[in-house]
**Q** 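One structure coming up, written as structure tokens, with questions to follow.
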Amino acid sequence: MVLYPVIRKLLEKRVVLASASPRRQEILSNAGLRFEVVPSRFTEKLSKASFPTPYAYAMETAKQKALEVARRMHQKDLRAPDIVIGADTIVALEGLILEKPVDKADAHKMLSRLNGKEHSVFTGVAIVHCSSQGGKLDMDVWEFYEETRVRFSQLSEELLWEYIHSGEPMDKAGGYGIQALGGMLVESIHGDFLNVVGFPLNRFCKKLAELFYPPRPEDLQREKQDSIPAVDTFDNPSDVEGLGSSQGGAQGVRDRPWAEGGKDTKDAGRRPTVESLPPTPVVELIDGYKVSKALFTACKMKVFDLLRDEGPLSTVDIARKIDASECGTGHLLDICVAFGLLDKTDRGYSNTDLASLYLLSDGEYSLHSLAVHNNNHSWHLYNHLESAIREGANQHQRALQITVDDPFQDSFYRNKEKKLQFMRAMHGLINVAARQAATAFDLSRFSSACDLGGCTGALAYQLARQYPGLKVTVFDLPEVVEDAVYFQPGGPQTGQVSFVPGDFFRDSLPEADLYIVCRILHDWSDDKVHQLLSRISSSCKPGGGLLVLEMLPGEDKREARAAVVQSLNMLVQTLGRERTLSEYRSLLQAHGFADVRAAYVGSIVDAVLATRV
Ligand SMILES: Cc1cn([C@@H]2O[C@H](COP(=O)(O)OP(=O)(O)OP(=O)(O)O)[C@@H](O)[C@H]2O)c(=O)[nH]c1=O
């Protein structure tokens, strides 16, 4: 029996599980999936230190496992499967990533660490969608992860050793198997059990459903209920696929009684009554701005820095130190707790791991400046969203009394403090996305790259780290380059990266095998994009590459919420918009690029790589 209709869709495809884990095989075959098993030969040797989070490491390993199998199968019989699934399960405790123990002593070390404490189990999953044309393999990658929190009870040495001698720990992340004897070590679990066992089946099904049946607004209600549709909900999967986005077909409303409540319905008897109203995400949507604003304010008032330096602290102490009322501070802190940014115990408030990672003003992956930038700048523009919608244009004139021909030169770069604020915000954002962007494709065939509009060099340094033979030039306006020095990391990569001042619309571009535009094209109108692509195309040698890093909305390939929000943002703030993969494909082909490939890698950017003909 197949509960999720999307599993049925996969029955028509050649699916390969790139995993030797018997648990994964069992979980997926129990779900009714039909697949071949081709264990990956990718050795799990990625440098853990180069990942901002444990789950980023698990997702990358999962992706590499799946890509290795897809490439190998393609090479072997020139027929890649349609879909390759890779997964990687890790245990994370206090910043440490635990994989499978190498021997009994290692298992003992791991289990002793976990003893009496709560840890997280992350499984990263990569779904690689393959297609081949003329013998060339194209791969789109979709990735996600699931976290489950597991608490071990306090265990004696004797019990630990007895468990280790059972042999069970050896092929399992963290040195235990929750599904068997190891279940006795576990006091509590919060989250998906199967995720601990090795495969987050529930999230996998939801992800597939998103990919194959992108959600319609009215589906949000059901999503909120987080339910798996009943068996008979989608008897014929094609019914669901065929639903139009506007009115919904006759088949479509079968499992959406609320869809019939509209003015035009003939069946007014099925209108929801106040007793039968479904849970609504609308209030949450309405309240969204309050939460954003609370986060901006906590960042501005440096609450997270304070708690890093002096926490845990009580409300009274925090209020005194940030020079605020006790009652107001209490509200702010409670919101931060409710949204997972602060922990509250008898000893007071302290930062959660999430806040420590992203919200300290000087953290390596700090998004603090991005929050402050949204507060100080974007917020004012969004006050005029209605005008932006009516006029189809950005709102600098109305909100900030400036006419904008160039959204950067005119609004940020005229004032040193504004410029640095903007650079800090972009630096944080790109730093978080840089690793996924740099590894979305294998770029090792290029020996030089030029990052156009590369700002502080956040992406350039990550590229240098990933490809030790690559020389990267960051090309940006003189006023940006003069301050990029404040953002340079130390380390061996410094020598690989250089900065050249210039305007990519006017000055000649530095020579390179690979040109990169990361979150640049979305700032500009089609005319300007054509101008820039034509300049890149003239500088790029045949066989050279162009890597476009932008969000890719539409294409029915994945949930596109972040991309459509970003596209709206471009309307309000710039002269551009987000473009779909088909649009990029046409643009790039029009300027002499071919072999256009996409990788759906993250929530901040996706990647499109093309080769100069
Ligand atoms: C915490 C826990 C883990 N596991 C197993 O740990 C392996 C992780 O290793 P991996 O590297 O993700 O996978 P693998 O087994 O090496 O297979 P592959 O996908 O080929 O790399 C997987 O087996 C999982 O089931 C359990 O069976 N039970 C548990 O409670």
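All ligand and atom numbering here is 1-based and tracks the order in the structure.
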**Q** How far is atom 21 (O) of ligand 1 from its nearest protein heavy atom, and which residue and atom is that?
**A**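 It is Lys65 NZ, 2.6 Å.
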**Q** For Glu36, does the CD atom have more than 12 heavy-atom neighbours from other residues, nucleotides or ligands under 6.0 Å away?
**A**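 Yes.
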**Q** Within a distance under 4.0 Å of any heavy atom of Ala20, pick out the atoms of ligand 1 and give their elements.
**A**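 Taking each heavy atom of Ala20 in turn, ligand 1 has 17 (O), 18 (P), 19 (O), 20 (O) under 4.0 Å.
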**Q** Check whether Glu168 reaches the backbone of Tyr163 with its side chain - one donor and one acceptor, N or O, closer than 3.5 Å.
**A**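 No; zero donor-acceptor contacts below 3.5 Å.
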**Q** For ligand 1 and Asp88, I'd like to know whether there is a polar contact (N/O to N/O, distance under 3.5 Å).
**A**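 Asp88 vs ligand 1: N/O contact under 3.5 Å present.
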**Q** Look at atom 28 (N) of ligand 1 and say which protein heavy atom is nearest, naming residue and atom and giving the distance to 0.1 Å.
**A**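 That would be Gln179 OE1, 2.9 Å.
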**Q** Test side-chain hydrogen bond (donor to acceptor under 3.5 Å, both in side chains) on Asn195 and Thr123; report intermediate values, then the result.
**A** CA-CA 6 Å; Asn195 181 51; Thr123 298; 3.1 Å; yes
**Q** Heavy-atom count check: over 12 atoms from other residues, nucleotides or ligands less than 6.0 Å from Glu26 CD?
**A**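 Incorrect, the count does not exceed 12.
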**Q** Please work out which of Arg24, Lys100, Arg23 has its closest non-hydrogen atom nearest to atom 12 (O) of ligand 1.
**A**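 Nearest option to atom 12 (O) of ligand 1, by heavy atoms: Arg24.
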**Q** Which residue owns the protein heavy atom closest to atom 7 (C) of ligand 1, what's the atom, and how far is it?
**A**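 Sorting protein heavy atoms by distance from atom 7 (C) of ligand 1 puts Asp171 O, 3.6 Å first.
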**Q** Are Asp362 and Arg308 within salt-bridge range, i.e. N to O under 4.0 Å?
**A**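 Yes.
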**Q** Which of the atoms of ligand 1 are close to Gly177, meaning less than 4.0 Å from one of its heavy atoms?
**A**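 So the atoms of ligand 1 that pass are 28 (N), 29 (C), 30 (O).
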**Q** Report the distance from atom CZ of Phe42 to atom CG of Asp88, rounding to the nearest 0.5 Å.
**A**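 Reported value, rounded in 0.5 Å steps: 9.0 Å.
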**Q** Looking only at protein heavy atoms, identify the closest one to atom 30 (O) of ligand 1 and say how far it is in Å.
**A**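 Nearest protein contact, heavy atoms only, for atom 30 (O) of ligand 1 is Ile178 N, 2.7 Å.
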**Q** Between atom CD of Gln64 and atom OG1 of Thr439, what is the distance when rounded to the nearest 0.5 Å?
**A**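 One finds 7.0 Å between CD of Gln64 and OG1 of Thr439.
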**Q** Please state which protein non-hydrogen atom is closest to atom 15 (O) of ligand 1 and give its distance, to 0.1 Å?
**A**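 The protein heavy atom lying closest is Ser21 CB, 3.6 Å.
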**Q** Mind checking whether Tyr176 and His119 have parallel, tilted or perpendicular rings, split at 30° and 60°?
**A**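 If you compare the ring of Tyr176 with that of His119, the planes turn out perpendicular.
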**Q** Considering heavy atoms of the protein only, find what lies nearest to atom 6 (O) of ligand 1 and give residue, atom and distance to 0.1 Å.
**A**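 For atom 6 (O) of ligand 1, the nearest protein heavy atom is Ala173 N, 3.0 Å.
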**Q** So which heavy atom in the protein is nearest atom 26 (C) of ligand 1, and how far is it from that ligand atom?
**A**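 Answer for atom 26 (C) of ligand 1: Val197 O, 3.4 Å.
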**Q** Over 60° means perpendicular and under 30° means parallel, so classify the ring planes of Tyr145 and Tyr55, tilted if in between.
**A**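 If you compare the ring of Tyr55 with that of Tyr145, the planes turn out parallel.
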**Q** For ligand 1, does Phe199 get within less than 4.0 Å through its side chain, its backbone, both, or neither, judged by non-hydrogen atoms?
**A**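 It is neither; nothing of Phe199 touches ligand 1.
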**Q** Could you check atom 3 (C) of ligand 1 against the protein and tell me its nearest heavy-atom contact, residue, atom and distance included?
**A**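 Nearest protein contact, heavy atoms only, for atom 3 (C) of ligand 1 is Val196 O, 3.5 Å.
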